[in-house]
Amino acid sequence: MTLATQPREKTAAAAPPAAGQLSRFARWWPLAALAALLAAPYSSLPLPGLLDGPIGSAGNLQLLALCLVFGALATGYDLLLGRTGLLSFGHALYFAAGSYATDVIMIEAGLPFGAAAVLGLLFGVALAAVLGSVSLRVSGIAFSMVTLAFAQAGSILVERDPGGWTGGEEGRATPADKLPASLVGIGNTVNLYWIALAYLVVTVAVVHWAVRSPTGRVWEGIKENERRVEVLGLRPYGFKLTAFVLAGALAAVGGIVHLLLTGGATPQTTTSDFTLSLLVMVVLGGSGSRWGPLVGGVLYTWADHRLGDLAGSGPVADLPSVLRVPLSQPLFLLGTLFVVVVYVLPGGVVRLPERIGAARRTRTAPTAQGR
């Protein structure tokens, strides 16, 4: 009896308590984060170094809403990169399509925001279906280049301002009288925050459902070995187009929410640089994971705003020119942060609890063997 129970006792003794704590943390932290986000508008607590002033202030809610939007956008983009293995350089085009189409329809056609938003979403879905059907005729680097070409064409079209519909380099502001009164003004920032949070929840739910569906399993197979999927009698093209259109639809919704948050459509959202930012968000958080792109999108957006404030601060301005010049560039700071994370945390920030657990198990293994 003693001999039979001894291995179990050793196994139980060898398992560090910290491993169980990390496992419970990984399981429950999304619910804790959602509870914190729900409570944010009602909180007057300050977060020195992270936010300026109380959490529930209008400026901080605006920043948090942008973080949620880009976290959701990165989650949708990972349907292509992390789930299906499609590296698209034109995903920003569908985000901009939702934003610009809604704005143009609302102003030029005189439709209310709700109807314009629905039509803007349909335009983004149709654009993704048309361009995706062309882009997916090729694969690999050729696919990436085709999506980049479409994105560049869209960016040039917006800057040329055909018919005065896009506003050119200045973008296109949305008149306040065209929007619902509950979504206009600093006093209604909390309503925009709720919309951004709803967009995040819907995107995460849709992506989670899609990945766990039979179609999602085919996406995983395409990512691993597309030829093997063909051998099984399935047509990868249709499944890839489904992922492309779904990701484009989620991006178009994000563009509509971004239109509300910023009060207009901006040409920066049409550029390939914007898609590269999405790629950085996904890699930063952890491509192909459930929560990695979301975490990466939130961290990148927060760092983009906060590091911009740091770059223009007085302490940086007082540094010698050798340090002041690079540190006054937010992109330099973001790039340095990205390189550090990639080298220190391969697999993304979301893998950090796993790496801590693995390091602790490795450290405790010699002790358990010595016993």
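Numbering of residues begins at 1 and proceeds along the displayed sequence.
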J.: Would you please name every residue forming a side chain to side chain donor-acceptor pair (under 3.5 Å) with T242, sequence neighbours left out?
T.: none
J.: Are V282 and L246 linked, directly or through other ILVMFWY residues, by side chains that come within less than 4.5 angstrom of each other?
T.: no
J.: For residues 58-77, which residue pairs qualify under ring-ring contact (aromatic ring centres under 6.0 Å, His included), counting only residues two or more places apart or in two chains?
T.: F70-H258, F70-F274, Y77-H91
J.: Check whether more than 12 heavy atoms from other residues, nucleotides or ligands sit under 6.0 Å from atom CD of E169, and answer yes or no.
T.: no
J.: What pair of heavy atoms forms the shortest contact from F150 to L93, and how long is it?
T.: O-CD2, 3.9 Å
J.: Is there a side chain to side chain contact (heavy atoms under 4.5 Å, CB included) between T203 and V206 once you walk through the steps?
T.: CA-CA 5 Å; T203 299; V206 169; 5.9 Å; no
J.: Look at the side chain of T301 and the backbone N and O of G297, then say whether any donor-acceptor pair between them is shorter than 3.5 Å.
T.: yes
J.: Does I141 have more than 12 heavy atoms from other residues, nucleotides or ligands lying within 6.0 Å of its CD1?
T.: no
J.: Hey, mind stepping through L276 and D273 against side chain to side chain contact (heavy atoms under 4.5 Å, CB included) and telling me if it holds?
T.: CA-CA 5 Å; L276 290 177; D273 291 344; 4.1 Å; yes
J.: According to a hydrophobic-cluster definition based on side-chain heavy atoms being under 4.5 Å apart (Ile, Leu, Val, Met, Phe, Trp, Tyr only), do Y193 and L47 belong together?
T.: yes
J.: Taking side chain as C-beta onward, heavy atoms only, is L250 less than 4.5 Å from V207?
T.: yes
J.: Within this structure, what is the CD1-CG distance for the pair I256 and L260, rounded to the nearest 0.5 Å?
T.: 8.5 Å
J.: Taking E108 first and then R172, would you say they form a salt bridge - that is, a charged N and a carboxylate O separated by under 4.0 Å?
T.: yes
J.: List the atom of A128, the atom of G248, and the distance in Å for their closest heavy-atom pair.
T.: CB-CA, 4.1 Å
J.: Considering residues, nucleotides and ligands other than I186, do more than 12 of their heavy atoms fall under 6.0 Å from its CD1?
T.: no
J.: Does the side chain of P41 come within less than 4.5 Å of L61's, by heavy atoms?
T.: yes
J.: Please walk me through it: do L38 and L197 pass side chain to side chain contact (heavy atoms under 4.5 Å, CB included)?
T.: CA-CA 8 Å; L38 291 173; L197 181 59; 3.7 Å; yes
J.: Can you tell me if S133 uses its side chain to pair, donor with acceptor, with the backbone of A129 under 3.5 Å?
T.: yes
J.: What's the shortest heavy-atom distance between L63 and W302, and which atoms?
T.: CD2-CD1, 4.2 Å
J.: Hey, does L87 have a side-chain heavy atom less than 4.5 Å from the side chain of L279?
T.: yes
J.: Walk me through whether T270 and Y100 qualify under side chain to side chain contact (heavy atoms under 4.5 Å, CB included).
T.: CA-CA 10 Å; T270 66; Y100 272 97; 4.0 Å; yes
J.: Any chance you could measure L232, atom CG, to L234, atom CG, to the nearest 0.5 Å?
T.: 6.0 Å
J.: Heavy atoms only: give me the nearest I222-V229 pair and the separation to one decimal.
T.: N-CG2, 3.7 Å
J.: Treating T275 as the side-chain partner and A92 as the backbone partner, does any N or O pair qualify as donor plus acceptor under 3.5 Å?
T.: yes
J.: Hydrophobic clustering (ILVMFWY, side-chain heavy atoms < 4.5 Å, transitive) - are F239 and L80 grouped together?
T.: no
J.: Would you check if the distance from the ring center of Y94 to the ring center of F244 is below 6.0 Å?
T.: yes
J.: Between E220 and R217, is there a side-chain N and carboxylate O pair less than 4.0 Å apart?
T.: no
J.: To the nearest 0.5 angstrom, please state how far the CE atom of M281 sits from the OH atom of Y300.
T.: 6.0 Å
J.: Please check if L50 and L284 belong to a single hydrophobic cluster, counting links between Ile, Leu, Val, Met, Phe, Trp and Tyr side chain heavy atoms closer than 4.5 Å.
T.: yes
J.: In Å, rounded to the nearest 0.5 Å, how long is the span from CG of N60 to CG of L51?
T.: 4.5 Å
J.: Quick one: are L200 and L294 in side-chain contact, heavy atoms under 4.5 Å?
T.: yes
J.: Within a reach of under 6.0 Å around CD of E230, are more than 12 heavy atoms found that belong to other residues, nucleotides or ligands?
T.: yes
J.: To the nearest 0.5 Å, tell me how far K178 NZ sits from L111 CG.
T.: 9.0 Å
J.: So, for D52 and S57, which heavy atoms are closest and what is the spacing to 0.1 Å?
T.: O-OG, 4.2 Å
J.: Is the side chain of S135 donor-acceptor paired with the backbone N or O of G132 at a distance under 3.5 Å, no angle test?
T.: no
J.: Under the rule for side chain to side chain donor-acceptor pair (under 3.5 Å), what residues qualify as partners of T166, not counting sequence neighbours?
T.: D161
J.: Would you compute the distance between atom CG of L261 and atom CD1 of I195 and round it to the nearest 0.5 angstrom?
T.: 8.0 Å
J.: Do we get R137 above F143's six-membered ring, with its NZ or CZ under 6.0 Å from the centre and within 45° of the axis?
T.: no
J.: Measure the shortest side-chain to side-chain distance between I55 and S44 over non-hydrogen atoms and say whether it is less than 4.5 angstrom.
T.: no
J.: Do K223 and L86 have side-chain heavy atoms sitting under 4.5 Å apart?
T.: no
J.: Determine whether T84 and L79 make a side-chain contact, defined as any pair of heavy atoms from C-beta on separated by less than 4.5 Å.
T.: no
J.: Any idea which heavy atoms bring G288 and D78 closest together, and the distance?
T.: N-OD2, 3.0 Å
J.: Which word best sums up how the rings of W194 and Y42 line up, parallel for under 30°, tilted for 30 to 60°, or perpendicular for over 60°?
T.: tilted
J.: Compare all side-chain heavy atoms of L183 with those of N188 and state whether any distance is below 4.5 angstrom.
T.: no
J.: Is L66 reachable from V190 through a run of hydrophobic residues whose side-chain heavy atoms are each under 4.5 Å from the next?
T.: yes
